[in-house]
Undergrad: 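Mind looking over this structure? Questions follow.
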Amino acid sequence: MTWPRPPADHHREARYQVPVDLTLGQVRPENYTLLVLPGGKAPSAIRKETAALEICRHFFAHHKPVAAICHGPQTLISAGLLAGRRAPATRRGRGDAGAGALYEDSEVVVDGNLITSRIPSDLPAFMREIMKKLKG
């Protein structure tokens, strides 16, 4: 996907429309190599979608790489996939209560095929680990 260059006067709350190619129900996870769960406000809604949780479970069951940043891990928590896994915590807190994750204060945490990061400024480390995982 190619993202348009934001206008010079953009700010953090700028909204960009992205065309939707498939609905969650149309996604066939067996056709994908990597699952990326971005942060922002969307995870609070996506984590309530059964199809999204099943996609996450497919990736874990087939040992495919899953990368989640910022609020992205919320979907993994709702799918019951973060318990017992290492994950980063922000300075403000340790994610959802009861998630069962083993939290650490790191810019990126790699736990098997799970790659997680805290905040947008961690993106360079997050992307570096994703690329390592894809290279095998």
Side-chain angles (χ1 to χ4, degrees):
M1 178 183 300
T2 302
W3 291 88
R5 174 178 229 115
D9 63 346
H10 83 285
H11 56 86
R12 184 172 183 190
E13 295 300 319
R15 303 287 186 243
Y16 300 98
Q17 291 191 5
V18 178
V20 175
D21 298 311
L22 300 170
T23 65
L24 287 170
Q26 294 172 319
V27 171
R28 300 290 166 249
E30 60 274 8
N31 294 335
Y32 296 89
T33 303
L34 167 73
L35 175 62
V36 177
L37 300 167
K41 296 180 182 179
S44 64
I46 291 171
R47 71 188 303 187
K48 297 173 187 171
E49 297 291 331
T50 302
L53 305 181
E54 290 305 318
I55 292 166
C56 292
R57 291 180 186 124
H58 171 90
F59 273 80
F60 273 73
H62 292 88
H63 310 287
K64 293 181 177 184
V66 175
I69 189 167
C70 195
H71 289 85
Q74 289 178 347
T75 307
L76 300 176
I77 291 167
S78 293
L81 298 170
L82 208 56
R85 304 299 296 260
R86 293 174 41 239
T90 65
R91 290 177 193 87
R92 291 179 291 189
R94 299 207 178 272
D96 285 17
L102 307 171
Y103 292 107
E104 54 189 76
D105 188 12
S106 299
E107 64 181 356
V108 65
V109 175
V110 179
D111 184 354
N113 283 341
L114 177 62
I115 304 161
T116 49
S117 283
R118 306 167 298 189
I119 53 178
S121 62
D122 294 337
L123 276 168
F126 182 66
M127 293 306 300
R128 180 182 62 244
E129 294 301 328
I130 289 172
M131 296 309 294
K132 283 182 191 176
K133 202 56 86 174
L134 289 175
K135 288 180 181 178

Undergrad: What heavy-atom pair brings D111 and G84 nearest, and what distance separates the two atoms?
TA: OD2-O, 4.5 Å

Undergrad: Is the shortest side-chain heavy-atom distance between L76 and V66 below 4.5 Å?
TA: yes

Undergrad: Would you compute the distance between atom NZ of K48 and atom CD of Q74 and round it to the nearest 0.5 angstrom?
TA: 9.5 Å

Undergrad: Is it true that a side-chain atom of R85 and a backbone atom of L102 form a donor plus acceptor pair closer than 3.5 Å?
TA: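 The answer is no, because no donor-acceptor pair under 3.5 Å joins these two groups.
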
Undergrad: Taking atom CZ of R28 and atom CD1 of I55, what is their separation to the nearest 0.5 Å?
TA: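 Going from CZ on R28 over to CD1 on I55, the span is 9.0 Å.
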
Undergrad: Atom CD in E54, atom CZ in R57: separation rounded to 0.5 Å?
TA: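 Nearest 0.5 Å value for the CD-CZ distance: 5.0 Å.
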
Undergrad: Is E129 reaching over with its side chain to a backbone N or O of F126, donor-acceptor style, under 3.5 angstrom?
TA: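 Between the backbone of F126 and the side chain of E129 there is no qualifying donor-acceptor contact (under 3.5 Å).
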
Undergrad: Would you say S78's side chain and T75's backbone share a donor-acceptor pair under 3.5 angstrom?
TA: no

Undergrad: Any idea which heavy atoms bring G40 and P43 closest together, and the distance?
TA: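 So the two residues come closest at O-CD, 3.4 Å.
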
Undergrad: If we ignore hydrogens and angles and just use 3.5 Å, is the side chain of R118 paired with the main-chain N or O of C70 as donor and acceptor?
TA: no

Undergrad: Working to the nearest 0.5 angstrom, can you tell me the gap between E30 CD and H62 NE2?
TA: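 Atom-to-atom, E30:CD and H62:NE2 are 8.0 Å apart.
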
Undergrad: In terms of hydrophobic clusters joined by side-chain contacts under 4.5 Å, are V20 and L22 together?
TA: no

Undergrad: Closest approach of L82 and P73, non-hydrogen atoms and distance?
TA: CD2-CB, 4.2 Å

Undergrad: Considering all heavy atoms of both residues, which atom of R128 and which atom of E107 are nearest to each other, and what is their separation?
TA: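 That closest heavy-atom pairing would be NH2-OE2, 4.1 Å.
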
Undergrad: Indicate the atoms forming the closest heavy-atom contact of R47 with I77, along with that distance.
TA: NH2-CG2, 3.8 Å

Undergrad: Which heavy atom of T116 sits nearest to which heavy atom of P88, and what is that distance?
TA: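 Here T116 and P88 meet closest at OG1-CD, 2.7 Å.
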
Undergrad: So how far is it from L34 CG to M131 CE, rounded to the nearest 0.5 Å?
TA: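 These two atoms lie 9.5 Å from each other.
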
Undergrad: Passes side chain to side chain contact (heavy atoms under 4.5 Å, CB included), C56 versus L37? Steps please.
TA: CA-CA 9 Å; C56 292; L37 300 167; 4.1 Å; yes

Undergrad: Do V36 and L114 belong together in a cluster built from hydrophobic side chains that touch within less than 4.5 Å?
TA: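 As far as the 4.5 Å side-chain criterion goes, L114 and V36 are not connected within one cluster.
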
Undergrad: Under the criterion side chain to side chain contact (heavy atoms under 4.5 Å, CB included), I'd like the reasoning laid out for H71 against K41: C-alpha separation, chi angles, the key distance, then a yes or no.
TA: CA-CA 8 Å; H71 289 85; K41 296 180 182 179; over 6 Å; no

Undergrad: Side-chain heavy atoms nearer than 4.5 Å, only ILVMFWY residues, links allowed to pass through others: does that put L53 and L24 together?
TA: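 In one cluster with L53: L24, no.
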
Undergrad: If hydrophobic clusters are built from ILVMFWY residues whose side chains come within less than 4.5 Å, do F59 and I115 share one?
TA: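 Shared cluster, no.
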
Undergrad: Consider only side-chain heavy atoms of I, L, V, M, F, W and Y, link residues closer than 4.5 Å, and tell whether Y32 and L81 are in one cluster.
TA: yes

Undergrad: Counting only N and O atoms by type, is there a donor-acceptor contact under 3.5 Å from the side chain of K133 to the main-chain atoms of G112?
TA: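 A pair under 3.5 Å: yes.
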
